[in-house]
Asker: 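Here it is: the structure, laid out below.
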Amino acid sequence: MTSPRRLLLVNGPNLNLLGMREPGIYGAASLADVERLTADAAAAAGFELRAIQSNHEGVLIDAIHAAREDCAGIVINPAGLTHTSVSLRDALTGVGLPFAEVHISDVYAREEFRHHSYLHDVAAVRVIGRGVDGYADAVRELTALIP
Ligand code: CA2
């Protein structure tokens with residue numbers, strides 16, 4: 001059976017503030033810009049994109065569960081939940097879809113508490129510190145793994 005030609009883009013807590021605050025760390029692009037550039041990269045690879053951003057962990061987990069029905073993979077910037085959430089890791093491993101973990105900033109050049117990721121050993125792709133262009137790189141690297 002061929003995989004559905006759709007990806008889920010998940011942006012975690014506070015990423016709705018992109019472009020509004022802390023441009024020195026996260027750049028000037030807005031969340032809408034990120035969703036557009038990621039959809040463009042997905043389209044170039046032959047995939048549709050469904051995008052969600054939420055500040056609520058359970059909403060993100062429900063969206064990941066739903067992706068099992070009609071998506072071939074997930075691109076996720078879990079934001080602060082990267083460093084705290086076993087539940088998010090369990091959701092991602094539970095649905096069994098390949099996923100790319102994206103971080104806009106270079107988490108390894110920042111505070112020590114950002115160096116640990118609960119997803120790092122289960123992500124198919126990791127893109128870190130390439131700014132918002134990292135989302136497009138993640139789509140290219142992830143879709144290359146989808147049959
Ligand atoms: O670099 C990334 O993409 C992060 O996932 C962003 C998270 C941070 O907790 C991770 O350590 C690294 C924070 C997202 C908050 O986004 C904001 C954007 C603009 C202004 C304020 C926060």
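Whatever order the structure lists ligands and atoms in, that order sets their numbers, starting from 1.
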Asker: Ignoring hydrogens and angles, tell me if any N or O in the side chain of Asp90 forms a donor-acceptor pair with the backbone of Ser87 under 3.5 Å.
Answerer: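 Not at all, since once roles are kept as given, no pair shorter than 3.5 Å links the two residues.
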Asker: Go through the side-chain N and O atoms of Ser85 and Glu57 and say whether any donor and acceptor fall under 3.5 Å apart.
Answerer: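 There is such a pair between these side chains.
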Asker: Please lay out, stage by stage, how Asn14 and Tyr26 fare under the test side-chain hydrogen bond (donor to acceptor under 3.5 Å, both in side chains).
Answerer: CA-CA 12 Å; Asn14 301 306; Tyr26 299 113; over 6 Å; no
Asker: Quick one: table the atom pairs, ligand 1 N or O against protein N or O, below 3.5 Å, distance rounded to 0.1 Å.
Answerer:
unit_1   : atom_1 : unit_2 : atom_2 : d
ligand 1 : 1 (O)  : Ile104 : N      : 3.2
ligand 1 : 1 (O)  : Ser105 : N      : 2.8
ligand 1 : 1 (O)  : Ser105 : OG     : 2.6
ligand 1 : 3 (O)  : Asn77  : ND2    : 2.8
ligand 1 : 3 (O)  : Ile104 : N      : 2.7
ligand 1 : 5 (O)  : Asn77  : OD1    : 2.8
ligand 1 : 5 (O)  : His103 : ND1    : 2.9
ligand 1 : 9 (O)  : Gly80  : N      : 3.4
ligand 1 : 9 (O)  : Arg114 : NH1    : 2.9
ligand 1 : 11 (O) : His83  : NE2    : 2.7
ligand 1 : 11 (O) : Arg114 : NH1    : 2.9

Asker: With no hydrogens and no angle check, just 3.5 Å: does a side-chain donor-acceptor pair link Tyr135 and Asp33?
Answerer: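 On atom types as modelled, these side chains do not qualify, holding no pair under 3.5 Å.
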Asker: Provide the closest heavy-atom pair for Ser117 versus Glu101 in the form atom of the first, atom of the second, distance.
Answerer: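 Here Ser117 and Glu101 meet closest at OG-OE2, 2.9 Å.
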Asker: Got Arg5 and Ile146 here, is their nearest side-chain heavy-atom distance under 4.5 Å?
Answerer: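 Yes - at least one pair of side-chain heavy atoms lies under 4.5 Å apart.
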